[in-house]
Each structure stands twice: as C-alpha cells, then as structure tokens.
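Residue indices begin at 1 and follow the sequence shown.
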Amino acid sequence: MYTLVTGFYKYLTQKDEYNILILGLDNAGKTTFLEKAKATFTKNYRGMNPNKITTTVGLNIGEINIEGVTLSFWDLGGQQELQALWDKYYEETHGLIYVVDSHDRDRMNESKEIFDQMIINDHLKGIPLLMLANKQDLPDCMGVREVKPVFQDSGPAIGRRDCLIMPVSALTGEGVDEGIKWLVDSVIRNSHVRPPKQKDEL
C-alpha cells in the first residue's frame, strides 16, 4: 500500500523537464541572457552582477520553472576550441537558443559559419530554434532586418522546425520574457520529436 501511495504521489508531483542549449560565439552575451532569464522567472533570484560576468570556459548550468515545466539550460563556451564540444550535448537537447552579437558586425559572418556547422547535425533535426539578435541596447547595432539576411541561406538546414529570430538585450531584459515563453510553448508542442525527461518536485 505504501508503495502504491508513494508511486501515486510521485506521479502527481512530476514535472516535464526540457534541456535547452545556449550557443553562440564568445562574448555574444549567452551567460548574461541566462542570468537575466533566471532573474525574470525565479522569485528573489539575485544572481551575478552583469558587469562582472566573464567569458564562459566550459559550461554554465541554470534552471527555470515556468508554466508547469522545468527548463534546464546548458550555456556552453563559444571560444573556437570549445565549439568542438557542443555536439556532445545535441542528442539530449529539446530546444536551441543561438545568440548573435548584433553589435559586432566584424564577426557576424563567423557567427553564421558556426551556426551552419551546428544546425546540420542530425541530432538537432526538428529541434525548436530561438535566434537572438542580442545587445539591442547598444548604438549602431544590427536590427533583425539586418541580421536575418545574413542567415537567409541557412533556411534549408533550419527546415520546417519551429524557429523565431527576435531582438533582445540580455543586459536590460528587453525580449527575454517573450523569448523564453515562446521557447516553452515550442518545446512542449514538439515533445513528439524528443520527449521530455521527468523530474520530481520537492
């Protein structure tokens, strides 16, 4: 009887958990975005001072509970030597966030090349993609209308998956709420592509 009750309680308190990869070149603002997302959706979360966030070497992990599900974020370092490790995470991810530094025009083509190498991986087929044109708070940044054409010929590799490109400022929080909510809806809608994990609530 105890086992039955325990099992039923566990069933009632389970949450679906989705793994979200945050990718992009170094200094694109991936960690700042993750910190702002955690602060936006986690009550009383203080987090890191944005001005003290340094380049990620390896991996940052974060978690958000929203709309009855858990999003587990893997923020991977974007330096060239670390990009070779990205594909180790593809098989378990349910959603992709690709962050573009819209203020760094000199590296836009490099960002596009890395994106193209990533998006063709078979393990990412059908996985929802949120592309963020970050640093919209800075003067002379590229808007979505400028960023989109750079990635235009990546269309066939992106395919018919759920995909959104939007302007954000990870520093000010502009667009963070909207982007995360879109991602939640998309990973739930595409759970037939990659079913969620089960996480027990405490």
* Asked: Between the main-chain N or O of R107 and the side-chain N or O of S111, is there a donor-acceptor pair closer than 3.5 Å?
  -> no
* Asked: Is a donor on one side and an acceptor on the other found under 3.5 Å between the side chain of R105 and the backbone of D140?
  -> yes
* For residues V187 and I20, determine if any side-chain heavy atom of one lies less than 4.5 Å from a side-chain heavy atom of the other. => yes
* Asked: Considering only heavy atoms from C-beta outward, does the side chain of Q136 approach that of V168 to under 4.5 Å?
  -> no
* **Note, T93 side chain near R194 side chain (heavy atom, < 4.5 Å)** => yes
* To do: Run the ring-centre check on Y90 versus H123 and record whether the distance is less than 6.0 Å.
  => no
* Is there a donor-acceptor pair under 3.5 Å between the side chain of D16 and the backbone N or O of P196? -> no
* Asked: Just by distance, do the side chain of K30 and the backbone of V99 share a donor-acceptor pair under 3.5 Å?
  -> no
* Asked: Below 4.5 Å, heavy atoms only, C-beta onward: do N65 and K15 meet side chain to side chain?
  -> yes
* **Crowding at CD, E146 (>12 non-hydrogen neighbours, <6.0 Å)** => yes
* To do: List for me each residue that meets salt bridge (Lys or Arg N to Asp or Glu O under 4.0 Å) alongside D162, sequence neighbours excluded, and say none if there are none.
  => R189
* To do: Using a strict cut-off of less than 4.0 Å between a Lys/Arg side-chain nitrogen and an Asp/Glu carboxylate oxygen, indicate whether K181 and E67 qualify as a salt bridge.
  => no
* Structure fact -> Rounded to the nearest 0.5 Å, the CD1 atom of I66 sits from the CG atom of D177 at a distance of 7.0 Å
Using a 3.5 Å cut-off and no angle test, enumerate the donor-acceptor pairs between side-chain atoms of residues 113-120 and protein atoms at least two apart in sequence or in another chain.
unit_1, atom_1, unit_2, atom_2, d
D116, OD1, S154, OG, 2.6
D116, OD2, K112, NZ, 2.6

* To do: Keeping the roles fixed (side chain from N134, backbone from A170), state whether a donor-acceptor pair exists under 3.5 Å.
  => yes
* Residue pair I22 / W74, side-chain heavy-atom distance below 4.5 Å -> no
* To do: May I ask you to say whether D104 pairs ionically with K135, meaning some side-chain N is under 4.0 Å from a carboxylate O?
  => no
* Kindly indicate whether the side chain of L132, heavy atoms from C-beta on, has any atom under 4.5 Å from the side chain of I97. => yes
* Asked: Is the side chain of W182 donor-acceptor paired with the backbone N or O of C163 at a distance under 3.5 Å, no angle test?
  -> no
* Looking at side-chain heavy atoms only, is the closest gap between T40 and K36 below 4.5 Å? -> yes
* To do: Verify the neighbour count for atom CD of E110: are there more than 12 heavy atoms of other residues, nucleotides or ligands below 6.0 Å?
  => yes
* To do: Starting at CG of D137, measure out to NE2 of H103 and round the result to the nearest 0.5 Å.
  => 9.0 Å
* Do the non-hydrogen side-chain atoms of F73 and I180 ever get within less than 4.5 Å of each other? -> yes
